[in-house]
*Asks:* 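Sharing a structure, written as structure tokens. Questions coming.
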Amino acid sequence: MHTDGHTFKIFLKDLTIDGEQFQYYDVSIINEEKYALLPYSIRVLLESAVRNCDEFQVTSKDVKNILNWPETQKHEVEIPFLPSRVLLQDFTGVPAVVDFAAMRDAIQRLGGDPQKINPICPADLVIDHSIQVDVARRLIQLASKSQIILDSTKSQRLADSSNCPTDAYSNRLLPNRSFLPKRAHFVRQPFTPQQAFLQQNFRNHAQVLSNNRIQSNKSEYLNSYEINSNNQILIETVFEECPFHSIRTECAEALEKNQKLEFERNLERFQFLKWGANAFKNMLIVPPGSGIVHQVNLECLARVVFNTDHLLYPDSLVGTDSHTTMINGLGIVGWGVGGIEAEAVMLGQSISMVLPQVVGYKITGKLNDLCTSTDVVLTITKNLRQIGVVGKFVEFFGRGVTQLSIADRATIANMCPEYGATIGFFPADEKAIRYLVQTGRNNKSIRFIEEYLRATKMFRDYNDEKSDPIYSQVYELDLSTVKPCVSGPKRPQDKIFVKDLKTEFVKSLTNKVGFSGFGLKTEDVNREIKFVFENQEYNLRHGSVVIAAITSCTNTSNPSVMLAAGLLAKKASELGLKVKPYIKTSLSPGSGVVTEYLNKSGMLPALETLGFNIVGYGCMTCIGNSGPIPESVTEAIDKNDLIAVGILSGNRNFEGRIHPSTRANYLSSPPLVIAYAIAGRIDIDFETESLGFSEKTNQEVYLRDIWPTRQELQELETNYVIPEMFNKVYEKITVGSPQWANLTVPLTDLYPWNLESTYIKQPPFFEKMTADLSQVQPIKNARLLLYLGDSITTDHISPAGSIARNSPAAKYLLERGLAPRDFNSYGSRRGNDAVMSRGTFANIRLVNRLMGGQTGPKTIFFPKNQIMDVYDAADSYKRENIPIIVIAGKEYGSGSSRDWAAKGPWMLGVKAIIAESYERIHRSNLIGMGIIPFQFLNGESGESLNLNGTEKFSILIDDSLAVKQIVEVETDSGIKFKVLTRIDTNVELNYIKNGGILNYMIRKFL
Ligand code: SF4
């Protein structure tokens, strides 16, 4: 450890634990009086600034600003922050690993050593966002063994020994099921071996296997089949689902099937990530099937205190997922950021942030027996939403915190994005230490964690009011006022007491369309529809539950609510209560530990009896990967415009997120998910209406009869949530499933890009890069690509959703042999720059003034005065060597931080943006990509300067470009104006001169 010359070397102290010598920066003694006033979360920022102070990225002035937080927090002071690690999930992790792989190529091309490109700051990537609930519940046997003979030249099945009750020999199109048209397509085509392979699998398989993939893995697939001399393909297999009729069979093991499908859909991405796991140092990749990123973080990855070469310092992180905040429950400062910021941190760069205000949220009182931590978090979410905490830290304090377990605290911290704060922080205390013991952390770590936190006064005693710091504002919650509640039907902050839900739901049916209204006519409210499912008739009406999911790290990380669900299920099934078979029930734990304790405690069989089988380890229903619901159910809902209900233990329920057929979605605790599933409807008053009739006791069963007591749950947790389980599950954290283990990947330093892949592609970010810095050049005679207004969001700039069929991205994919059903979303294709650049500014709601107010991703290509897609216009400018810029209004780049919102314009060739103001993180992302953000001077705008957008613009910059420089812009129409260069620091100037942060790092390693 080199500390010579460190500005704060004098605060470096020794700490001896069990004879072992450690060191740490004792920030508590820099100024004891001021330090005592600092919120605990700010102490962590202070320590990071002190330790990382190099008088370049982090200066003594930054340290001073943080130490003077009570004053500086009022003035929007920017500070640098270097977290201890980075957390990634697979959606956002793939583009980050793609960039690292491309950097290795670049450094090799420039004569350097590719092995030098590794994350400097440790990065953990958990693959959890890809699995879907394709299959759920244990299902009846209709077809178990089939031999199918396919004619490889004709569109016919020749024989089928399946005992499938539907017409096994017919090639007619089958009833309108969402997946059947795809299947029918194959049925009608002559069978090829590849198609045969597609045929023998089930739901959605055809959708995800690209021809490219089959071609590239031909031998793997075709080895399983024999084509006889008559050109017939014989397939003998045990089907989990009749391959032609998609009828589910007894042997459908949801977990196994979903994991298999997950692999098949994501093979290219997984292979790439596994290559990354081998190729990069300092990067841990947690394979699919291990759990949900934030639960794995909490139970295993979190260090609480880092020990790097015997230097101790607080764990802190940024993650590329908004719910990274969950870790705040364990006393770790961390929040979600965009990809470029995460990559910058991985490369050892600081992120810039406004020193935040800290809202103190005092918790008092004791929780009522009928309440769960989910009720607490829904109450807090509503409360803090009303207060308004966007951009602030929230720190919890007060004696009531001692009532909350670490899992409870993590649940509350998890929903931080829903209440809008940057973090929802619980400083570590005795309970945090006990949690580390419970989750099997090693004794030595636990010792230095506690000693370090105590030594630096970061250890909290919630009972000691004298150690309360000062806060920007203070609010209070008495836990005894919390009542059982749910949130919905369309937003997480719309809390409704369970006792009021029936009335509120009924009201919402006729309320005008809005967050709590569906706008039905009064005469339609009592509509009831009969439908048939598995040969039996059922009724559906408004309020019928069709999805019930125990999902999301928010709750699955919390043994008390998971055991409550198990115990409630046990009591219900013992009384003979059931869940109607058409309801799609699922249980997707956030880690294998949940399975362990549910199993050992005997709760799992009861959950399975009610249909809550384990369907996979990942985000699943929480992120909207709910999979299909039975066709007869969707048909009944759609035809009759029913307000069907999803009930889930997740954290977001915006319209369309959970399932297109569930217009009302309620967030609740896991035991309530089961209760509503048993009831089969949301408009039930649990006080007065029974869940069902028990033939065993000959009595009606009310929710209160089966609700677990706190004592029962405590006993279960003490007996069954034990360190051995965590050790057992996490000792194999990098091993993964046999599929992952069998995934062969090249053991190379450089990634062998597959030119056929439409998911993973080498980006051209460094194609033209040279080892030497080139001079900053003026931007001459640039054309305006887009003339935008206020509040252009990152979603306008780089949409994440579906790829329109007539878009340039669609054209690209069609040219590569993909059918529209295989397009997937922009979000899933972030590893392919060709798709993402074509998707830049492709939002259908984009308003470009050049188009006279017409909405859509179109613009004018001025040299030919031709209307084009934005991508095509940019491409044409590129061909003609004409630089392009964008003009925008206020708050350019608002919305969630998204790396492709900066990468995309770079790909289009945008040299500069001139806006009235910028969203803070997006501005730094533009700098990260080497795009200069200019700002109109105060009071000026494109309109006020009478720019009509047809002008040619010249921005007069050169190598003397400096921080916050005022530069002149000239136009060919004679209008001249000045703009402020929004390069705010010397570090940023360095990035711009290098053409972006990644280029800067490559040169640094050369
Ligand atoms: S389970 Fe939900 S909250 Fe947790 S990481 Fe996945 S999508 Fe985010």
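If you're wondering where the values come from, they're calculated on a predicted model, not measured in any experiment. Note that the numbering runs from 1 along the sequence shown for the chain. For ligands, and for the atoms within them, numbers begin at 1 and follow the listed sequence.
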*Asks:* Might you work through the salt bridge (Lys or Arg N to Asp or Glu O under 4.0 Å) test for Glu256 and Lys260, ending with a clear yes or no?
*Replies:* CA-CA 6 Å; Glu256 205 180 301; Lys260 193 170 162 224; over 6 Å; no
*Asks:* Under a 3.5 Å threshold, yes or no: a donor from one side chain and an acceptor from the other, between Asp408 and Asn558?
*Replies:*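 Side-chain D/A pair, Asp408 to Asn558: present.
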*Asks:* Is it true that Trp335 and Phe81 have ring centroids separated by less than 6.0 Å?
*Replies:* yes
*Asks:* Does this structure show an ion pair linking Asp124 with Arg303, if we count only N-O contacts that are shorter than 4.0 Å?
*Replies:* yes
*Asks:* Could you check whether Asp375 pairs with Lys495 (Lys NZ or Arg NE/NH1/NH2 to Asp/Glu carboxylate O, under 4.0 Å)?
*Replies:*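 No salt bridge links Asp375 with Lys495.
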*Asks:* For atom 4 (Fe) of ligand 1, what's the nearest protein heavy-atom neighbour? Residue, atom name and distance, please.
*Replies:* Cys553 SG, 2.3 Å
*Asks:* I need the nearest protein heavy-atom contact for atom 2 (Fe) of ligand 1: residue, atom name and distance, please.
*Replies:* Cys622 SG, 2.3 Å
*Asks:* Out of all atoms in ligand 1, which are within 4.0 Å of some heavy atom of Ile292? Include the element for each.
*Replies:*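 The list of qualifying atoms is 1 (S), 4 (Fe), 5 (S), 6 (Fe).
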*Asks:* Among Val94, Asp90, Val293, which one satisfies side chain to side chain contact (heavy atoms under 4.5 Å, CB included) with Ile127?
*Replies:* Asp90
*Asks:* Return the residue, atom name and 0.1 Å-rounded distance of the protein heavy atom closest to atom 3 (S) of ligand 1.
*Replies:*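 It is Asn651 ND2, 3.0 Å.
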*Asks:* What atoms in ligand 1 come closer than 4.0 Å to a heavy atom of Cys619?
*Replies:*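 Checking each atom against Cys619, I get 1 (S), 5 (S), 6 (Fe), 7 (S).
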*Asks:* Under 30°, 30 to 60°, or over 60°: which ring-plane class applies to Trp740 and Phe270, parallel, tilted or perpendicular?
*Replies:*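 Ring orientation of Trp740 relative to Phe270: perpendicular.
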*Asks:* One residue to check: Thr551. Relative to ligand 1, which of side chain, backbone, both or neither has a non-hydrogen atom less than 4.0 Å away?
*Replies:* neither
*Asks:* Touching ligand 1 at all, Ser552? Heavy atoms, strictly under 4.0 Å?
*Replies:* yes
*Asks:* Which atoms of ligand 1 are found less than 4.0 Å from any heavy atom of Asp321?
*Replies:*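 Listed by number with element: 8 (Fe).
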*Asks:* Identify which of His323, Arg652, His294 has a heavy atom lying nearest to atom 5 (S) of ligand 1.
*Replies:*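 That would be His294.
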